[in-house]
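Reviewing the structure listed below.
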There are 2 protein chains.
Amino acid sequence: MLKLSKKVEYGLIAVRHIASLNNQISTVKEISEKYAIPSDVLAKVMQRLTKGKLITSHQGAMGGYTLARRAEEISVMDVIAVIEGTQVGIAQCFAEEPQNCSIFHACTIKNPLGKIQHNLEHVFNSMKVSEIV
Amino acid sequence: MLKLSKKVEYGLIAVRHIASLNNQISTVKEISEKYAIPSDVLAKVMQRLTKGKLITSHQGAMGGYTLARRAEEISVMDVIAVIEGTQVGIAQCFAEEPQNCSIFHACTIKNPLGKIQHNLEHVFNSMKVSEIV
DNA sequence: TGAAATAGGACTACGCAAGTCGTATTTACA
DNA sequence: TGTAAATACGACTTGCGTAGTCCTATTTCA
């Protein structure tokens with residue numbers, strides 16, 4: 001409950017890793033070994049980060065990944081959004097299709113949870129990869 | 001990902017309900033019908049809230065539940081902790097047995113996530129049931 | 001041309017959330 | 001004193017999402 005997914009953790013670690021090496025090209029193999037992350041899983045994460053334009057892929061031998069933006073311009077929220085493909089929502093009300101919640105009409109806690117939701121979004125948006133030293 | 005469980009939502013709704021009726025005795029049937037919550041599920045939630053001493057049960061006919069403390073003294077965190085029975089942790093590092101994380105030793109994002117964790121805890125601790133109008 | 005790298009689909013395993021069911025126990029009140 | 005209304009609680013089922021594995025295709029450097 002209320003946990004980040006491993007994919008997001010892996011993504012943050014990877015992006016931070018590249019940033020910490022001054023954007024030097026890095027491979028899945030290198031990162032997965034260094035941090036003991038299953039390489040197949042990390043590979044998919046990197047592909048999503050690429051599609052989300054947070055990093056740039058370099059195919060072929062001697063290839064790998066570099067950041068697509070400066071580390072100061074990549075927020076934790078960016079990484080989450082790109083990897084999960086959905087909005088962060090602590091309840092259905094704040095994700096897509098709020099109406100799907102079985103309780104929607106009678107729910108009395110949407111507003112208070114909304115405050116918490118906003119707070120979370122703010123924290124995730126304001127924390128940048130460059131701060132993850 | 002990062003979602004509260006339905007049980008916690010139900011618990012918050014129930015506690016708020018009782019508080020909004022000035023701590024008048026309320027039954028599972030009444031609450032489950034009013035908010036369209038499955039009564040069996042709600043019953044278990046109420047039992048946990050009782051064990052956690054947030055509400056008081058009154059068995060037998062004409063029984064039900066009342067708050068065990070003033071609404072100003074019940075935080076959202078209290079409800080979560082009692083219902084889930086575990087610490088809120090956005091990653092394994094912040095739950096029980098941090099060492100179980102497959103990445104623990106090499107993880108580079110414990111500190112930044114810790115900031116987010118603390119922020120979350122603060123928000124949940126400071127929001128009281130009395131504020132959930 | 002071969003090796004090193006990304007791209008990406010298909011599949012499995014597992015755990016947890018959510019809900020259901022059945023039964024026991026307590027208590028007010030007719 | 002019996003019955004109905006209520007809580008107590010364990011066992012079970014189901015479904016879904018997470019995490020991970022496997023396999024193959026494609027790209028590119030040397």
Side-chain angles (χ1 to χ4, degrees), chain A residues 1-11 13-14 18 25-33 35-52 55-66 68 80 83-86 88-92 95-97 100-103, chain B residues 1-11 13-14 18 25-33 35-52 55-66 68 80 83-86 89-92 95 97 100-103:
Chain A
M1 208 210 68
L2 274 176
K3 256 213 288 266
L4 289 168
S5 71
K6 283 285 184 190
K7 283 181 190 170
V8 168
E9 291 184 26
Y10 297 160
I13 289 174
I18 301 174
I25 197 166
S26 306
T27 69
V28 165
K29 185 163 186 289
E30 167 191 337
I31 299 176
S32 71
E33 284 176 356
Y35 303 101
I37 300 172
S39 61
D40 282 345
V41 176
L42 180 62
K44 295 243 181 62
V45 168
M46 300 305 269
Q47 285 162 27
R48 294 215 201 170
L49 291 172
T50 303
K51 276 200 168 178
I55 62 179
T56 303
S57 75
H58 305 272
Q59 292 200 352
M62 303 303 287
Y65 297 94
T66 50
I80 293 175
I83 291 179
E84 294 296 330
T86 75
V88 172
I90 64 171
Q92 264 177 331
E96 24 265 81
E97 307 297 349
N100 285 354
C101 180
S102 56
I103 276 186
Chain B
M1 207 208 67
L2 273 176
K3 255 213 288 267
L4 290 167
S5 71
K6 284 285 183 190
K7 283 181 191 170
V8 168
E9 291 184 27
Y10 297 160
I13 289 174
I18 301 173
I25 197 166
S26 307
T27 67
V28 165
K29 185 162 185 290
E30 167 191 338
I31 299 177
S32 71
E33 285 176 355
Y35 303 101
I37 300 171
S39 60
D40 282 345
V41 176
L42 180 61
K44 294 239 182 66
V45 168
M46 300 305 270
Q47 286 161 27
R48 294 215 201 169
L49 291 172
T50 303
K51 276 200 169 178
I55 62 180
T56 304
S57 75
H58 306 271
Q59 291 199 353
M62 302 302 289
Y65 297 94
T66 50
I80 293 175
I83 291 179
E84 294 298 330
T86 74
I90 63 171
Q92 263 176 332
E97 308 296 349
N100 284 353
C101 180
S102 55
I103 276 186

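Note that the structure is a prediction, hence the values are computed from the model and not measured. In what follows, chains are A, B, ... by sequence order, proteins preceding strands, each numbered from 1.
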>> Mind checking if A:Lys44 touches a base, just sugar-phosphate, or nothing, with heavy atoms under 4.0 Å?
In response: base
> Do the side-chain N and O atoms of B:Glu84 and B:Ser5 include a donor-acceptor pair separated by under 3.5 angstrom?
Replying inline: yes
Looking at the side chain of [X], which of [options] is the nearest nucleotide?
X	options	result
B:Met62	C:dC29, D:dC9, C:dT20	C:dC29
B:Ala61	C:dA28, D:dC29, C:dT20	C:dA28
A:Gln59	D:dT28, D:dA8, C:dA18	D:dT28
B:Ser5	C:dA18, C:dA7, D:dA19	C:dA18
B:Thr27	D:dA19, D:dA6, C:dA7	D:dA6
A:Lys6	D:dT7, D:dT18, D:dA19	D:dA19
A:Val28	C:dA7, C:dT6, C:dT20	C:dT6

Flag the pair [X] / [Y] as yes when at least one side-chain heavy-atom distance between them is below 4.5 Å, and no otherwise.
X	Y	value
B:Ile13	A:Ile103	yes
B:Pro38	B:Lys44	no
A:Ile83	B:Met1	no
A:Lys6	A:Val41	no

> Is any side-chain nitrogen or oxygen of A:Tyr65 closer than 4.0 Å to OP1 or OP2 of C:dA7?
Replying inline: yes
> Within the pair A:Ser57 and C:dA7, is there a side-chain N or O less than 4.0 Å away from OP1 or OP2?
Replying inline: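 Affirmative; the distance criterion is met.
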When the distance from [atom1] of [X] to [atom2] of [N] is rounded to whole Å, what number comes out?
X	N	atom1	atom2	answer
B:Met1	D:dT18	CE	P	8 Å
B:Asp40	D:dT14	CG	P	16 Å
A:Leu42	D:dG20	CG	P	11 Å
A:Asn100	D:dG15	CG	P	18 Å
B:Met46	C:dT26	CE	P	20 Å
A:Arg48	C:dT6	CZ	P	17 Å
A:Gln47	D:dT27	CD	P	14 Å
A:Leu4	D:dG17	CG	C1'	15 Å

> Taking for each residue the nucleotide of DNA chain D bearing the nearest heavy atom, is the 5' side occupied by A:Val8 or by A:His58?
Replying inline: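 Final value for this comparison: A:Val8.
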> On DNA chain C, nearest-nucleotide positions of A:Lys29 versus B:Pro38: which is more 5'?
Replying inline: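 The residue whose closest nucleotide sits nearer the 5' end is A:Lys29.
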> For B:Glu84 and B:Ser39, take the nucleotide of DNA chain C holding the closest heavy atom to each; which residue's nucleotide lies nearer the 5' end?
Replying inline: B:Glu84
> Above 12 or not: heavy atoms from other molecules or residues under 6.0 Å from NZ of A:Lys7?
Replying inline: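 No - once you tally the heavy atoms of other residues, nucleotides and ligands closer than 6.0 Å, there are 12 at most.
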